[in-house]
Amino acid sequence: MSKHKRRINPDHHFSYSYFMKNLLFFFISIVSYLPITAADSWESILESKQGKVTFYRYPNNITISDSRDVLDGIEHDLAEAFIDYINEKYQVEIQIEWVETEGFTEVLTTVKNDSSGAFGASSISITDARKEWLNFTPPYLADIAVLVSHSAIPVALSENDFVTTFQSKTAITMKQTTINDFLDSLIVKFNLDVQKKYVKNSGEVLDAIESSADNFGYIDLPNFLIGIKSHPDLRRQFFYPFKLNGLAFIYPKSSDWDEPVNDYFNSREFAFDKERIITKYLGPDIMDVVDRIGQSAEMGPLQEIVISNKEKEVQYREMLRLAKKEQERMEMNTWLIIIITVITFSLLIVFIQYRIKTHANKRLKKQQQLIEEQNNKLYKLNKEKNDLINLLAHDLRSPLNRILGISQLLKAKNAIPEEYQHLNDLNIESSQRLGELIGKILDVEAIESGSQNLKLEAVNVNMIVESVIREYEGAATKKSIQLKPQLKADQKVKADKHYLLSIVENLVSNAIKFSNRESQIWIMTESLEDQVRVSIKDQGPGMTDEDKESVFVKFQKLSAKPTGGEGSVGLGLSIVKQYTELMDGTVSLESEMGIGSVFHIDLKKFNE
C-alpha cells in the first residue's frame, strides 16, 4: 500500500482559521446578551409556590444607603414592597436578587433579552421607543428634569441670552439616558459649541456642575431639590425643563408577569407604599411639588412658579439650618471662651496662692530659724540659770543646816536668855523655811534635768497620809485648823513613796497656808475602779478662772494670799503635777470662789 503525503492548501487553511475566529466571536456576542442570572416565570412560581426574581440596576451599591441617588432608595423599597405584596396575596415565597450592571444600557438590553422574572430599576424613563421592545410598569414618579448650572453662570432671560451664556461651556451628563437625549437636542437646536463630560449618576452630576464655574447639565427634579441643600453653588436655569411620561420599572416583552404587575401597581396598596416610600426619601413637601407638576400636561409658567417657590423654600430652610448651626457654633465658642476664661482665672488664682504660700513659707522658715536660734539661746540661759541655782542651793544648804542645828541645840539646852528666846525661834523657823525652799528648788531641777531617781513600788497610801497629818498637825493647830482624815482606801498604789510623800506634804501645806483660822481641812482616800484617789479639801478663798489655768505653772503667783503671813515661792503645785505624772497618775482641781478648793491625785492600784 503506497502512502502519499497530504498537501495542505495555504489558501484553504487561511479560510478555515478566519471562519473559526468569526464563529467564536459570534458565540461570545450571543453569550453577552444572555441573562446574567436565571429568574423564574410567574407560572412556575405559582406551581411551586416559590421562586426568584432579578432586579438589574445601574448605578447601584449593594447597600442602598451608600448610593448618592435618592431614586435608588425609592426603587429599592418599592421593589421590596411589590414582592411583599405578591408573597402575601398569592401565598408564595419569592426572593429578590439585585444585580449591578456595568452601565445603564446594559440594564435595558439584559432585561430585554431575559426571560420572565427579570426587572430593571434604574430611574428608567417611559418613552415610545422603549415601549416597542420593553414592558413598563405604571409610573411610580413623575419624570421631570431641570437645567442646572454653576452659580457663576447668570440666569438666561431669553433665547439669545441662553445661547450667549452657554456657548463654550461644559455639559455634564450620563450616557444613553433621556437626560443626555434632551441635552443633545438642546445643543443641536441652538448650535452650541460645548464640551460634554460623562459621569455615572445624579450625585456625580451635581458634584461636577458645582466643581467648575463653566459647568451645566440636566438633573431630575427630586435630586435637584434634595441636592441644593448640600450644593450651595448650584443655580437652576428657567429655560428648557422637560417632562416625560414618568419613571417606571421595566420587564421583558415575553414575560408572563403582567398579571401580578398590574395587580400591584393599580392597587391601593401601591398608592400607599408609593406615598410612604417617596416621603421617606424626599420629604412630604418635595413629594407634593413633584406630584403636582407630574399631574399637569406639560411644563408651563404655573409649574415654573411651583418649582421656584419650592426651590426658594428649600434654600430658605437650608439658610435657617446653617444659621442655626452657626448660632450653635457661636454659642459653643462663647461657652468655650467662658470655660477658658474661668480656667485661666482659676489658674491665675492658684498661681497667686502659690506665690503667696511660697512667700509665706519663706517667711515661716525664717521665723522658724529665728525661733530655733532664740530657743537655743533660751536653752543655754536656762541651763546657766539652773546650774547657778543648783550651785547656790548646794552651797547654801550646808551652812544653813549648821545654823539650824546650832539654834536647835541652844534651844534644847536653854542656853539663851528668855528675853532672846523668841529671836532664836524665829531663826529656827526661817532656817527651816529656807531649807524647804532649797529642797523644792533642787527637786524641780532634778525633774527638769531628768536626773530624778524614780522607784515605783507598792505603797500604802493611808500610811503616807497619816504620816503627813502627824507632821503638819502642829502647823494646823497654830491657826486653829482641824485636819480631818477620811481614809477609805485599803489598796496599795504603784508609786514612789518619797514622791507620794512630797505630793501630799505640798498639798496639805498649801491648804494650811491659804485656809482661814478655825477652819477645817479634809484629807481623804477612796478606791476607784482601777485607781486610788487622794483628795485634799480646804475652806480657803477658792480660785479664779485665771488662777485655775496657771495653778500648776512653775513660780506662778496666785491672786489668793496666805492667811497667816506664810511665804510662798510658787513651786509646790508644779512639783505635785510633775511628780504625779512621773508615776503615771493624774492631778485635777475643783475650786469655787468663797467656798474653797479640792485637789485630786489619782494613782494606779498596785497589782500583786
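Note that this is a predicted model, so its numbers are computed, not measured. Note that these values count all heavy atoms, side chains included, but never hydrogens, waters or copies made by symmetry.
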Open item on the list: Between D143 and I126, is the side chain to side chain contact (heavy atoms under 4.5 Å, CB included) condition met? List the steps.
Closed with: CA-CA 8 Å; D143 188 6; I126 301 173; over 6 Å; no

- [ ] For the pair V146 and I219, evaluate side chain to side chain contact (heavy atoms under 4.5 Å, CB included) and give the outcome as yes or no after the intermediate values.
- [x] CA-CA 6 Å; V146 293; I219 187 71; 4.1 Å; yes

TODO: Dump the intermediate steps for side chain to side chain contact (heavy atoms under 4.5 Å, CB included) on E93 and I45, then the final yes or no.
DONE: CA-CA 8 Å; E93 187 176 344; I45 289 175; over 6 Å; no

- [ ] Could you check V148 against F216 for side chain to side chain contact (heavy atoms under 4.5 Å, CB included), going step by step and ending with a plain yes or no?
- [x] CA-CA 6 Å; V148 179; F216 73 99; over 6 Å; no

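Closest heavy-atom contact between E88 and Q91: O-NE2, 2.8 Å. Between P138 and A248 the shortest heavy-atom distance is O-CB, 4.0 Å. Nearest heavy-atom pair across V107 and A121 is CG1-N, 4.5 Å. When every heavy atom of V194 is checked against every heavy atom of F166, the shortest pair comes out as CG1-O, 3.4 Å. Nearest heavy-atom pair, M174 versus V199, reported as atom, atom and distance to 0.1 Å: CG-O, 3.5 Å. Y56 and A118 get closest at one heavy-atom pair: CE1-CB, 4.0 Å.
Aromatic pair Y240/Y218: ring centres not closer than 6.0 Å.
The shortest side-chain heavy-atom distance between D161 and S158 falls under the 4.5 Å cut-off. The closest side-chain heavy-atom distance from P154 to T165 is below 4.5 Å. Between N361 and K365, every side-chain heavy-atom pair lies at or beyond the 4.5 Å cut-off. Taking the side chain as every heavy atom from C-beta outward, F162 and L147 approach each other to under 4.5 Å. Between S125 and L247 there is a side-chain heavy-atom pair separated by less than 4.5 Å. Contact of the I86 side chain with the V92 side chain is registered, since non-hydrogen atoms from C-beta on lie closer than 4.5 Å. Looking at heavy atoms from C-beta onward, L244 lies in side-chain contact with F182 at the 4.5 angstrom threshold. Under the 4.5 Å side-chain criterion, counting only non-hydrogen atoms from C-beta, I124 is in contact with F104.
Between the OG1 atom in T173 and the CG atom in N180 there is a gap of 3.5 Å [rounded to 0.5 Å]. We find the CD-CD distance between E97 and Q95 to be 9.5 Å, quoted to the nearest 0.5 Å. Here Q367 contributes atom CD and Q374 contributes atom CD; the two are 10.5 Å apart, rounded to the nearest 0.5 Å. Interatomic distance, I209 CD1 to R235 CZ, rounded to the nearest 0.5 Å: 13.5 Å. To the nearest 0.5 Å, atoms CD1 (I172) and CG (L206) are separated by 11.0 Å. If you take CG on N113 and CG on L108, they are separated by 11.0 Å, rounding to the nearest 0.5 Å.
Residue E331 qualifies as enclosed at atom CD: its count of foreign heavy atoms under 6.0 Å is above 12. Residue-environment remark: NZ (K196) exceeds the threshold of 12 foreign heavy atoms within 6.0 Å. Applying the 6.0 Å contact sphere to CZ of F272 captures no more than 12 heavy atoms from other residues, nucleotides or ligands. Counted within 6.0 Å of NZ on K604, heavy atoms from surrounding residues, nucleotides or ligands total 12 or fewer; the atom is thus considered open.
D220 and S202 share a donor-acceptor pair across their side chains, judged by distance under 3.5 Å alone.
Ring geometry, W98 versus F55: the interplanar angle falls from 30° to 60°, so the pair is classed tilted.
A donor-acceptor distance shorter than 3.5 angstrom exists from the side chain of E75 to the backbone of S123, with no hydrogens or angles considered. Side chain of T109 to main chain of E106: a donor-acceptor pair is present (N/O by atom type, distance under 3.5 Å, no hydrogens or angles). A donor-acceptor contact shorter than 3.5 Å is absent between the side chain of E210 and the backbone of L234. With hydrogens and angles ignored, the 3.5 Å screen pairs a side-chain donor or acceptor of T101 with a backbone N or O of G103. In terms of modelled atom types and a separation under 3.5 Å, the side chain of Q237 and the main chain of A156 share a donor-acceptor contact. Judged by distance alone, the side chain of N87 and the main-chain N or O of I94 form a donor-acceptor pair under 3.5 Å.
A cation-pi arrangement is not found for K274 relative to Y140, the charged atom failing to lie both closer than 6.0 Å to the ring centre and inside a 45° cone about the ring normal.
The stretch residues 326-367 participates, sequence neighbours left out, in no ring pair (Phe, Tyr, Trp, His ring centres under 6.0 Å) pair at all.
In this view, V163 and Q167, F190, L192 satisfy the side-chain contact (heavy atoms from CB on, under 4.5 Å) rule, not counting sequence neighbours.
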Atom pairs and distances, donor-acceptor, side-chain atoms in residues 251-266, under 3.5 Å, two or more places apart:
residue	atom	partner	partner atom	Å
Y251	OH	D258	OD1	2.5
K253	NZ	K131	O	2.9
S255	OG	W257	N	3.1
D256	OD1	W42	N	3.0
D256	OD1	S116	OG	3.0
D256	OD2	W42	N	3.3
D256	OD2	E43	N	3.1
W257	NE1	D40	O	3.4
N262	ND2	D258	O	3.1
D263	OD1	Y85	OH	3.0
D263	OD1	K89	NZ	3.1
D263	OD2	K89	NZ	2.8
D263	OD2	Y90	OH	2.7
Y264	OH	D273	OD2	2.8
N266	ND2	N262	O	3.0

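Checked options T341, V342, I340; the residue passing with T344 is I340 (criterion: side chain to side chain contact (heavy atoms under 4.5 Å, CB included)).
Using a 4.0 Å cut-off between charged nitrogen and carboxylate oxygen, E581 and K577 count as a salt-bridge pair.
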